[in-house]
Novice: 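Could you have a look at this structure, given as structure tokens, before my questions?
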Number of protein chains: 2
Amino acid sequence: MNRPAPDLLKPRKTPQQSRSTVTIEAIHTATIQVLLADGVGRLTTTRVAERAGVSVGTMYQYYPHKQALLFAIVERQLDLIVRAMLEAAERLEGRDLRTVSDGLATAWLDAKMADLVSSRAIYGIAAEFDLAELMSRAKNLMVEAISPLLRAVPDARFADPDVTAFMLAALLGGTVRVVMEVGSSEDDLERLRQELPRACLGYLTMAACPYVRQRNDRQLLGRP
Amino acid sequence: MNRPAPDLLKPRKTPQQSRSTVTIEAIHTATIQVLLADGVGRLTTTRVAERAGVSVGTMYQYYPHKQALLFAIVERQLDLIVRAMLEAAERLEGRDLRTVSDGLATAWLDAKMADLVSSRAIYGIAAEFDLAELMSRAKNLMVEAISPLLRAVPDARFADPDVTAFMLAALLGGTVRVVMEVGSSEDDLERLRQELPRACLGYLTMAACPYVRQRNDRQLLGRP
DNA sequence: ACCTGAACACCGTTCAAGT
DNA sequence: ACCTGAACACCGTTCAAGT
């Protein structure tokens, strides 16, 4: 509903002189500062401009709306997380199911928990404007990384690695999101940390072909 | 951040005469209509009041903010879902692990998919204002329903049913949410429908004590 | 008890005028 | 090429005046 054309979300002007690059940077960091200090609800264009030391008009030369300010921040954060997952995927290529499962789950948790404040802030922003496309892109990247990883697991075969990767990405992303949004005491986060890897392994085991499941399960019995 | 006191979200005035009850109802349905017709972004107090056939001032006698309008809708929707889950829990009491797992997953999916439009609209609203408390309450109710259910499963023992219930609720809620937010083609929803029950069972099997896992797994091999 | 709607404060966005 | 800030349109909320 009411989604702006994608290119409108990008800075509308590319810097030609060095001073404008500085301006863009200043606006960007000012947005983060205001976001952390006052929350999304109190983030106004005037406040950001003031903090950045420029006039509102200047801001509108580089960011076409208020949304674009927030968009830039979310984009950077999603980038960090996607990169962490791609690195994990590379590192885990060819390892066994349990290692892959654990590796993905903890990589995801680490990436999200690394900057709790930013993560929470971003979930706070989420529906303030339309993040669907941005999230969708990030998710596709994850699926594209996980899918071949699943194919390369030596001790399991998946009927449809693409579907499994899709579901796994949704499971990881969604579970963490809900826990963080719901308020999430330290206890809750600790539980999440313990249980997410199990959920991940549980699903993957279930999605793998049956004989694998049995084999893998016997291994698990070895180490309670 | 910047959460209004809970009681401010409720109607500030209880109807004394029958005409005000009518007014409240009119405002409520007008909000839904505007939401569905124009989206959250275009929902304004004037528009709602106009559609309800009252003046803005009247609206503010019963709903202290714009947020309260949306709050009322989300509350009703969450209520429906929670109720569906409680009923499912009652129905599943004492059944075996697989039945319980499947029952919960499909009850959840059915409740969410029953009114796709509303569900999406609600996720769209979600961060527009602070739903944390509302969501938290709904989640607690679910955990309280699931936890005893897990205890009553005859063919499995859980080390900590509360933790498992907590995680299961997060898993169900989050996964569906992410898939719906990301845009979700019909294909994606179909995949979700197929995979969520497996994820649910996978996690529960993993969370159950090992000997159960093995037993349950043999059963599964019987019916591929 | 309930309703009205002009009035107020505030915010996002623009644009004519500057360097 | 880049910046300024008054001006405009719009929206959430209030309150004195009505029935």
Side-chain angles (χ1 to χ4, degrees), chain A residues 2-5 7-28 30-31 34-35 37-72 125 128-130, chain B residues 2-5 8-28 30-31 34-35 37-73 125 128-130:
Chain A
N2 169 16
R3 161 180 337 183
D7 46 299
L8 284 182
L9 290 169
K10 297 265 164 205
R12 52 156 64 129
K13 207 172 177 182
T14 5
Q16 306 284 349
Q17 293 177 13
S18 64
R19 76 176 146 154
S20 65
T21 318
V22 173
T23 303
I24 292 176
E25 231 352 76
I27 296 173
H28 184 81
T31 308
V34 172
L35 193 60
D38 305 335
V40 207
R42 289 197 187 87
L43 186 141
T44 70
T45 49
T46 337
R47 224 185 286 260
V48 170
E50 194 180 5
R51 186 129 199 170
V54 297
S55 82
V56 236
T58 302
M59 233 194 57
Y60 274 86
Q61 253 179 344
Y62 300 101
Y63 295 90
H65 352 258
K66 182 184 162 181
Q67 294 194 351
L69 297 171
L70 301 171
F71 192 88
I125 299 172
E128 177 94 351
F129 59 111
D130 204 336
Chain B
N2 162 20
R3 159 182 339 182
L8 284 181
L9 289 169
K10 299 263 163 203
R12 52 155 65 128
K13 208 172 178 180
T14 5
Q16 308 283 351
Q17 295 177 14
S18 65
R19 78 177 143 154
S20 65
T21 317
V22 174
T23 306
I24 291 177
E25 234 346 82
I27 296 172
H28 183 82
T31 308
V34 173
L35 194 61
D38 304 336
V40 207
R42 288 198 187 87
L43 186 139
T44 71
T45 49
T46 337
R47 224 185 286 260
V48 171
E50 194 179 7
R51 187 126 197 173
V54 297
S55 83
V56 234
T58 302
M59 233 193 57
Y60 274 86
Q61 253 179 343
Y62 300 101
Y63 296 89
H65 339 107
K66 182 185 162 182
Q67 294 194 351
L69 298 170
L70 301 171
F71 192 89
I73 291 169
I125 299 173
E128 177 94 353
F129 59 110
D130 203 335

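Below, chains carry the letters A, B, ... as their sequence lines are ordered, and counting in each starts from 1.
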Novice: Could you give the CD-to-P distance, from B:Gln61 to D:dA16, as a whole number of Å?
Specialist: 14 Å
Novice: If you compare every side-chain N and O of A:Tyr62 against the phosphate oxygens of D:dC3 (OP1, OP2), does one of them come in below 4.0 Å?
Specialist: yes
Novice: Output all residues satisfying side-chain contact (heavy atoms from CB on, under 4.5 Å) with A:Thr44, sequence neighbours left out; order by chain, then residue number.
Specialist: A:Thr46, A:Arg47
Novice: Taking only side-chain N and O atoms of A:Tyr60, does any of them lie within less than 4.0 angstrom of OP1 or OP2 on C:dT14?
Specialist: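 For C:dT14, neither OP1 nor OP2 has a side-chain N or O of A:Tyr60 closer than 4.0 Å.
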Novice: Scan residues 43-53 of chain B against DNA chain C and write down, sorted by residue number, each residue with any heavy atom closer than 4.0 Å; if none is found, say none.
Specialist: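 The answer is none.
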Novice: Can you sort out the partners of A:Thr58 under side-chain hydrogen bond (donor to acceptor under 3.5 Å, both in side chains), two or more places apart, ordered by chain and number?
Specialist: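 Partners of A:Thr58 under the side-chain hydrogen bond (donor to acceptor under 3.5 Å, both in side chains) test: A:Ser55.
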Novice: From NZ of B:Lys66 over to P of D:dC10, roughly how many Å is that when rounded to an integer?
Specialist: 15 Å
Novice: Roughly how many Å is it from NE2 in B:His65 to C1' in D:dC11, rounded to a whole number?
Specialist: 16 Å
Novice: What integer distance in Å separates A:Ile24:CD1 from D:dC3:C1'?
Specialist: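 It is 14 Å, rounded to the nearest whole Å.
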Novice: Expressed as a whole number of angstroms, how long is the span from A:Leu69:CG to C:dG12:C1'?
Specialist: 11 Å
Novice: When you check the phosphate oxygens OP1 and OP2 of D:dC3, does a side-chain N or O of A:Thr58 lie under 4.0 Å from one of them?
Specialist: no
Novice: Taking CE from B:Met59 and P from D:dC15, how many angstroms apart are they, rounded to a whole number?
Specialist: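 Result: 16 Å.
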Novice: Taking only residues two or more places apart in sequence, or in another chain, which ones meet A:Ala30 in a side-chain contact (heavy atoms from CB on, under 4.5 Å)?
Specialist: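 Result, side-chain contact (heavy atoms from CB on, under 4.5 Å) vs A:Ala30: A:Val48, A:Arg51, A:Ala52.
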Novice: Within the structure provided, determine whether B:Leu69 and B:Leu35 are in side-chain contact (heavy-atom separation under 4.5 Å).
Specialist: no
Novice: If you take all heavy atoms of B:Lys66 and B:Thr45, which pair is closest and at what distance?
Specialist: CB-CG2, 4.1 Å
Novice: For Watson-Crick and G-U wobble pairs within 3.5 Å on both distances, what is DNA chain C written in dot-bracket notation, | included for inter-strand pairing?
Specialist: ||.|||||...|||||.||
Novice: Quick check for you: to the nearest 0.5 Å, what is the distance between B:Tyr63 atom OH and B:His28 atom NE2?
Specialist: 6.5 Å
Novice: For the pair made of OH in A:Tyr63 and P in C:dT14, what is the distance, rounded to whole Å?
Specialist: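 About 17 Å, once rounded to whole Å.
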Novice: Tell me what B:Val56 touches on the nucleic acid: a base, only sugar-phosphate, or nothing, going by heavy atoms under 4.0 Å.
Specialist: base
Novice: Using 0.5 Å steps for rounding, measure from the NE2 atom of B:His65 to the CG atom of B:Leu70.
Specialist: 11.5 Å
Novice: Going by the side-chain contact (heavy atoms from CB on, under 4.5 Å) test, name the single residue among A:Thr31, A:Ile27, A:Thr23 that passes it with A:Met59.
Specialist: A:Ile27
